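Count residues from 1 along the sequence. Please read these numbers as outputs of a predicted model, since none were measured by experiment. Values reported hereafter were calculated over all heavy atoms of this structure, with side chains retained and with hydrogens, waters and symmetry mates removed.
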Amino acid sequence: MNRDEIVEELFRMQDKDYAALQAKIIPSAATDRIIGVRTPALRAFAKRLSKDNDVKVFLSNLPHQYFDEDQLHAFVISLEKEFDKCIEEVETFLPFVDNWATCDQLSPKAFKKEPEKLLPYIQAWIRSDKTYTVRFAIGMLMQHFLDERFDTKYADMVAEVRSEEYYVNMMIAWYFATALAKQYEAVLPYLKEKRLDDWVHNKAIQKSVESYRITDEQKAYLKTLKVQRRR
């Protein structure tokens, strides 16, 4: 399928009510860029498109006109099983990611098989000056390095990030809330020692307290660690 055919197919799947909802929750995506295709339909389309010999043409046609094209692009990349091909496509696409939804939908299967090969890229991405490249890097640390591969050096990488960007700070808070659920004793010092920005610190506690994976005793203690934000 060529690009025009892909866009025509996206408009055939359009749900205008869903488009209106997306416009509200994804403020960085201009309303006229949102077609309104629901995620299950996009995933199914991506699966079909990934088998098309011309998919490379679509992936190289950047920047895309529509938000839904970006979503489709993320889902196609996520289906790539070969690490080297996948990382090349991710590196090409990341500079054009301009919203939290596309950033968070980009979850390549290939990275799960070879996470160690991913680390040098994460280390570069997390130092980027692009909001969603940094968010993506933190998301990859959260997905692939919070369980059996966890090491405090990865938490250090996240804790050292300082940003004025809401969507970066929210991801840092999300990372530490998830880390507290999975690696409570190892991660607790980051809050006790106030190693995070005040807003991020309090947001991480808030998200932890809302989590069912944190015990009531842990929640009660975390509440005592909240800080008064410095002006």
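Between Tyr132 and Trp100, the distance from one ring center to the other does not fall under 6.0 angstrom. The six-membered or imidazole ring of Phe11 lies near that of Tyr66, with a centre-to-centre distance under 6.0 Å. Phe96 has its ring centre no less than 6.0 Å from the ring centre of His64. Between Phe111 and Phe83, the distance separating the two ring centers is shorter than 6.0 angstrom.
Although no hydrogens or angles enter the test, the distance criterion places no donor-acceptor pair under 3.5 Å between the side chain of Glu193 and the main chain of Arg195. In this structure a side-chain-to-backbone donor-acceptor pair under 3.5 Å is present from Asp68 to Ile35. Side-chain atoms of Asn2 come within 3.5 Å of backbone N or O of Glu5 as a donor-acceptor pair. With Glu88 contributing its side chain and Lys85 its backbone, the two residues share no donor-acceptor pair below 3.5 Å. With hydrogens and angles disregarded, no donor-acceptor distance shorter than 3.5 Å links the side chain of Thr152 to the backbone of Ala155. Checked by atom type and distance alone, the side chain of Lys219 pairs as donor or acceptor with a backbone atom of Ser211 at under 3.5 Å. Remark: the backbone N or O of Gly36 is not paired with any side-chain donor or acceptor of Gln14 at under 3.5 angstrom.
Both Ile77 and Leu62 are assigned to one and the same hydrophobic cluster, defined by single-linkage of ILVMFWY side chains at heavy-atom distances under 4.5 Å. Under the 4.5 Å side-chain heavy-atom criterion for grouping Ile, Leu, Val, Met, Phe, Trp and Tyr, Val161 is connected to Leu119 within one hydrophobic cluster. Linking ILVMFWY side-chain heavy atoms closer than 4.5 Å, directly or via other members, places Val90 and Leu79 in two distinct hydrophobic clusters. Both Tyr166 and Val158 belong to a single network of hydrophobic side chains, linked directly or stepwise wherever heavy atoms of I, L, V, M, F, W or Y lie under 4.5 Å apart. In this structure, Val37 is a member of the same hydrophobic cluster as Met1, with clusters built from ILVMFWY side-chain heavy atoms closer than 4.5 Å.
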Is there a side chain to side chain contact (heavy atoms under 4.5 Å, CB included) between Val76 and Glu89? Walk through the geometry before answering. CA-CA 10 Å; Val76 170; Glu89 293 296 349; over 6 Å; no
Using the salt bridge (Lys or Arg N to Asp or Glu O under 4.0 Å) rule, take Glu69 and Arg3 through it: C-alpha gap first, then chi angles, then the decisive distance, then the call. CA-CA 9 Å; Glu69 288 182 271; Arg3 188 262 172 181; 2.9 Å; yes
Checking Gln143 against Ser107 for the side-chain hydrogen bond (donor to acceptor under 3.5 Å, both in side chains) test, could you report, in this order, the C-alpha distance in whole Å, the side-chain angles of both residues, the deciding distance, and whether it holds? CA-CA 9 Å; Gln143 284 187 38; Ser107 181; 3.0 Å; yes
Could you go through the side-chain hydrogen bond (donor to acceptor under 3.5 Å, both in side chains) check for Tyr167 and Asn99 one step at a time? CA-CA 9 Å; Tyr167 289 105; Asn99 66 85; over 6 Å; no
Carefully, step by step, assess Tyr221 and Leu188 under the rule side chain to side chain contact (heavy atoms under 4.5 Å, CB included). CA-CA 10 Å; Tyr221 180 65; Leu188 187 60; 3.9 Å; yes
side-chain hydrogen bond (donor to acceptor under 3.5 Å, both in side chains) between Glu210 and Gln206: does it pass, once the steps are laid out? CA-CA 6 Å; Glu210 293 170 352; Gln206 176 191 325; 3.2 Å; yes
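Here Leu222 contributes atom CG and Lys192 contributes atom NZ; the two are 11.0 Å apart, rounded to the nearest 0.5 Å. Here the straight-line distance linking atom CE of Met140 with atom CZ of Phe145 works out to 10.0 Å at 0.5 Å rounding. The CD atom of Gln183 lies 10.0 Å from the CG atom of Asp151; values are rounded to the nearest 0.5 Å. Atoms CE and CG, from Met171 and Leu141 in turn, are 10.5 Å apart once rounded to the nearest 0.5 Å. Here the CD atom belonging to Glu9 is positioned 5.0 Å from the CZ atom belonging to Arg48, to the nearest 0.5 angstrom. Taken to the nearest 0.5 Å, the CD1 atom of Ile34 stands 9.5 Å off from the CD atom of Gln71.
When all heavy atoms of Ile87 and Asp84 are compared, the pair lying nearest together is CG2-O, 3.3 Å. Listed here is the closest heavy atom pair of Ala204 and Phe176: CB-CB, 4.1 Å. Closest approach of Leu49 and Val55 over heavy atoms only: O-CB, 3.4 Å. Nearest approach of Ile126 to Ala137, heavy atoms of both residues: N-CB, 3.6 Å. Among all heavy-atom pairs drawn from Ser78 and Gln105, the shortest one is OG-O, 3.7 Å. Between Val227 and His201, the shortest heavy-atom distance links the atoms CG1-NE2, 3.7 Å.
Under the salt bridge (Lys or Arg N to Asp or Glu O under 4.0 Å) criterion, Glu114 pairs with Lys117, not counting sequence neighbours.
Glu165 has no carboxylate O lying under 4.0 Å from a charged side-chain N of Arg135, or vice versa, which leaves the two without a salt bridge. Arg149 has a carboxylate O that lies under 4.0 Å from a charged side-chain N of Glu116, or vice versa, which qualifies the two as a salt bridge. Using a cutoff of 4.0 Å between basic side-chain nitrogens and carboxylate oxygens, Asp98 and Arg33 are scored as salt-bridged. Asp147 and Lys182 are joined by a salt bridge, as a carboxylate oxygen and a charged side-chain nitrogen come within less than 4.0 angstrom of each other.
With contacts defined as side-chain heavy-atom distances shorter than 4.5 Å, the pair Thr39/Phe75 qualifies. Taking 4.5 Å as the limit, some side-chain heavy atom of Phe67 sits within range of a side-chain heavy atom of Thr102. No side-chain heavy atom of Val97 sits less than 4.5 Å from a side-chain heavy atom of Asp70. Using a 4.5 Å heavy-atom cutoff, the side chains of Leu94 and Leu106 are in contact.
Asn53 CG: 12 or fewer foreign heavy atoms inside a 6.0 Å radius.
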